[in-house]
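To start, the structure under review is shown below, and the notes come after it.
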Amino acid sequence: MAIINAPKGVPDYVPPRSRDFLSVQERLSSTARLSGYEYIELPVFESTELFERGVGTSTDVVQKEMYTFTDRGDRSITLRPEGTAGVMRAVIENRLDKGPLPVKLWYRGPFFRAERPQHGRYRQLQQVGVEAIGSSDPIIDAEVIALADQAYRSLGLKEFHLDVTSLGCLHCRPAYRLKLQEFLATCDLDQQTKERASVNPLRVLDDKRESVSTQLVDAPLMIDSLCDQCQDHYDQVREFLRLFGVKWNEAPRMVRGLDYYTRTTFEFVHPGLGAQSGIGGGGRYDGLMAELGGSELSGIGFGLGVDRTLLACEAEGLTPLSESILDVFIVPVGVESRVPCVSLLFALRAVGIAADVCVDNRSIKSAMKAANNTNAPLVIILGPDELSSKTVVVKNMASGEQQSLTNEKASLIPALQQALLTLQADPAKPEPEKPEPEKPETKKEAQS
RNA sequence: GUGGGUGUAGCUCAGCUGGUAGAGCGCUGCGUUGUGGUCGCAGAUGCCGCGGGUUCAAGUCCCGUCACUCACCCCA
């Protein structure tokens, strides 16, 4: 029988790597959760019109990357390619924009873009995002950027950098746009790029092809054409970033792929991912909510790519992010001890100790091997001897030490909790007998 | 949508100008009567991506096809 493959370009995360995926997702979102953002759960499909109007029909995302289909009621539906438009729709529809401001929300989940897959680029991608709606205070721009910066640092990432620029506003950008178009008209560009120059000239600045970029060294930049308000806003954002200790690069040619961005835009870039180096980004979108029929509220937010952030962690050698999903593994010896073992198992789980048990009546040797494979720091052995003496054997897998403890919840569970705390604070070396003469280079290679 | 690369054991890969399919890791068992990780010994596992062609003979050469992958455009 032929096996069925996953659709092109969608990632599977299987153990043990799925643990790291979850850790990345949880750590990125806990940063938002701990920063006053409320969770918002949204549908993964929306009316196609939402993205056409919100993201913009001139964008590549809308023009060629959306998964769009007609449902049974003849409605045009699209799997969401990004998060902000859906959040705005929900905020308007649920009247959150009429309540206390700013509305601060976070979300996570899958997004879909029908692109040609590549390292770090998938047709189903996972993001964690935040949106702060209803304030145009530049301090919130800086706070949002610092939040993303903090989220990455909480994973231990160090090698990323942050690009920041201002795209101006609805007042100063049109004039700049004309100026840029005049400049681009003097350049030698291919047909497709010419079309882009007429529809969305800013995006031409971002072209990485040398034949194009060499012609653009003297192109006018938005950053030099900001109106007084935008200039002031941008100056303040940068001043706050300085005060918050966030390091960034001025990136006047950076253009983001979505039409709604105004003023502050930013992108986090990691060098370890190959061509798809953006691990997250965002910006301010001052006209979006009104465009979607809501209040005239400005907003700012970001989306952080979970898939790419995981790749970044791997590139920096930070994985595995957790050693084991278990605290305790229980090894029964002989059939009579199976039920007592499972009773103990339930008691441990009930107090929040992650525990599993060996099944299939395996030999103690085989069961210990299974225990070792789980990486659980503690193993409990319970057989005929322990049953008759009402004890269990608790083995520290790192040190190999084991001790006999009375099998009574009141004393055993606190003892286990204490042992786990001690191990967490001061994990024993993996191989205390060996002084580990290996060279660090060899070890690094073996890991990567 | 355009271009390059790769498909051989569970994983990473070797296999020369065609001649009966290999390594390391992992896995299973044994060395231990109730103890894993280290060490030693033994063992299992392959439609060599799929279809066709050339040949006495194809993992190897040719054609097609599918899949994966990297890059361009663009993006998380």
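Please read these numbers as outputs of a predicted model, since none were measured by experiment. Numbered from 1 within each chain, the chains take letters A, B, ... in sequence-line order.
Comparing H119(A) and G280(A), the nucleotide of RNA chain B nearest to each residue sits closer to the 5' end for H119(A). Where A275(A) and Q127(A) each meet RNA chain B at their nearest nucleotide, the meeting point lying more 5' is that of A275(A).
Side-chain atoms of E115(A) come within donor-acceptor range of the base of A76(B), with a qualifying N/O pair under 3.5 Å. Below the 3.5 angstrom threshold, one finds a donor paired with an acceptor across the side chain of E386(A) and the base of G34(B). A donor-acceptor contact under 3.5 Å links the side chain of N372(A) to the base of G36(B). For G1(B), the base has no donor-acceptor partner in the side chain of K64(A) [N/O atoms by modelled type, under 3.5 angstrom].
The shortest side-chain heavy-atom distance between L311(A) and H119(A) falls under the 4.5 Å cut-off. L79(A) has its side chain out of reach of Q124(A): every pair of non-hydrogen atoms, C-beta onward, lies at least 4.5 Å apart. Within the 4.5 Å cutoff, no side-chain heavy atoms of V204(A) are placed close to those of F183(A). For the pair Q402(A) and V379(A), the minimum side-chain heavy-atom distance is 4.5 Å or more. Here the side chains of R263(A) and I300(A) are not in contact, with every heavy-atom distance at 4.5 Å or above.
The residue Q126(A) sits apart from the nucleic acid: no heavy atom pair falls under 4.0 Å. Among the atoms of the strands shown, only primed sugar atoms or phosphate atoms (P, OP1, OP2) are found under 4.0 Å from some heavy atom of G274(A). Looking at heavy-atom distances under 4.0 Å, K8(A) makes contact with sugar-phosphate atoms alone, never a base. Using a 4.0 Å heavy-atom distance criterion, Q124(A) is classed as making no nucleic acid contact. Across all strands shown, L125(A) has heavy atoms under 4.0 Å from base atoms, whether or not it also approaches the sugar-phosphate. Residue-level contact check: R116(A) touches the bases, meaning some heavy atom is under 4.0 Å from a base atom. Using a 4.0 Å heavy-atom distance criterion, D60(A) is classed as a sugar-phosphate-only contact. Within the nucleic acid shown, R113(A) comes within 4.0 Å of at least one base atom, counting heavy atoms only.
For K365(A), whose side chain is taken as the heavy atoms from C-beta onward, the closest listed nucleotide among U35(B), G36(B), C74(B) is G36(B). The side chain of M368(A) has G36(B) as its nearest neighbour among A71(B), G36(B), A76(B). Side-chain proximity of Y122(A) to A76(B), G36(B), C74(B): nearest is A76(B). For I381(A), taking side-chain heavy atoms from C-beta onward, the closest of the listed nucleotides G34(B), C73(B), A76(B) is G34(B). When distances run from any side-chain atom of S366(A) to the nucleotides U35(B), C72(B), G29(B), the shortest one goes to G29(B).
Nucleotide C30(B): paired with G40(B) (Watson-Crick or G-U wobble, both distances less than 3.5 Å). Across the strands present, U35(B) finds no partner; the criterion is a Watson-Crick or G-U wobble pair with both atom distances under 3.5 angstrom. Across all strands shown, nothing is found opposite A9(B) as a Watson-Crick or G-U wobble partner with both distances under 3.5 Å. The nucleotide U54(B) finds no pairing partner, because no Watson-Crick or G-U wobble arrangement with both distances shorter than 3.5 Å includes it. Base pairing analysis places C48(B) opposite nothing; no Watson-Crick or G-U wobble pair with both distances below 3.5 Å involves it. Searching all strands for a Watson-Crick or G-U wobble partner of U2(B) with both distances below 3.5 Å returns A71(B).
For the pair Q215(A) (side chain) and D188(A) (backbone), a donor-acceptor distance under 3.5 Å is present.
Look at R203(A) and you'll find a side-chain N or O under 4.0 angstrom from OP1 or OP2 of C75(B). For the OP1/OP2 pair of A71(B) and a distance below 4.0 Å, the side-chain nitrogens and oxygens of Q118(A) include at least one atom meeting the criterion.
Rounded to whole Å, atom P of G36(B) lies 16 Å from atom CG of N396(A). As rounded to whole Å, 11 Å separates atom P of A76(B) from atom CZ of F111(A). Between E323(A) atom CD and G37(B) atom P the separation is 18 Å, expressed in whole Å. Between the CZ atom of F266(A) and the P atom of A76(B) there is a distance of 11 Å, given to the nearest Å. Per the geometry, CG belonging to D307(A) stands 13 Å off P belonging to A76(B), to the nearest Å. Distance CG (D12(A)) to P (C68(B)): 11 Å, rounded to an integer number of Å. Remark: C1' of A76(B) and CG of L79(A) are 17 Å apart, rounded to the nearest angstrom. One atom, CG of N5(A), and another, P of C50(B), lie 14 Å apart when rounded to the nearest Å.
Nucleotides C62(B) and C73(B) have their C1' atoms positioned 34 Å apart, rounded to a whole Å. Separation of the C1' atoms belonging to G37(B) and C48(B) is 35 Å when rounded to the nearest angstrom. Going from the C1' atom of C75(B) to that of U17(B) covers 47 Å, rounded to whole Å. C61(B) sits 28 Å from U45(B) when the P atoms are compared, rounded to a whole Å. Atom name C1', nucleotides C27(B) and G36(B): the rounded distance is 15 Å, in whole Å. Taking atom P on both G34(B) and C30(B), the two are 12 Å apart, rounded to the nearest angstrom. The separation of C16(B) from A58(B), taken at their P atoms, amounts to 16 Å, rounded to a whole angstrom. Remark: the separation of the P atoms in A23(B) and A44(B) is 12 Å, to the nearest Å.
Under the side chain to side chain contact (heavy atoms under 4.5 Å, CB included) rule, R123(A) has a single partner from R113(A), E115(A), K8(A), which is K8(A).
A donor-acceptor contact under 3.5 angstrom links the side chains of Y13(A) and D307(A), judged on distance only.
When all heavy atoms of D149(A) and F268(A) are compared, the pair lying nearest together is N-CZ, 3.7 Å.
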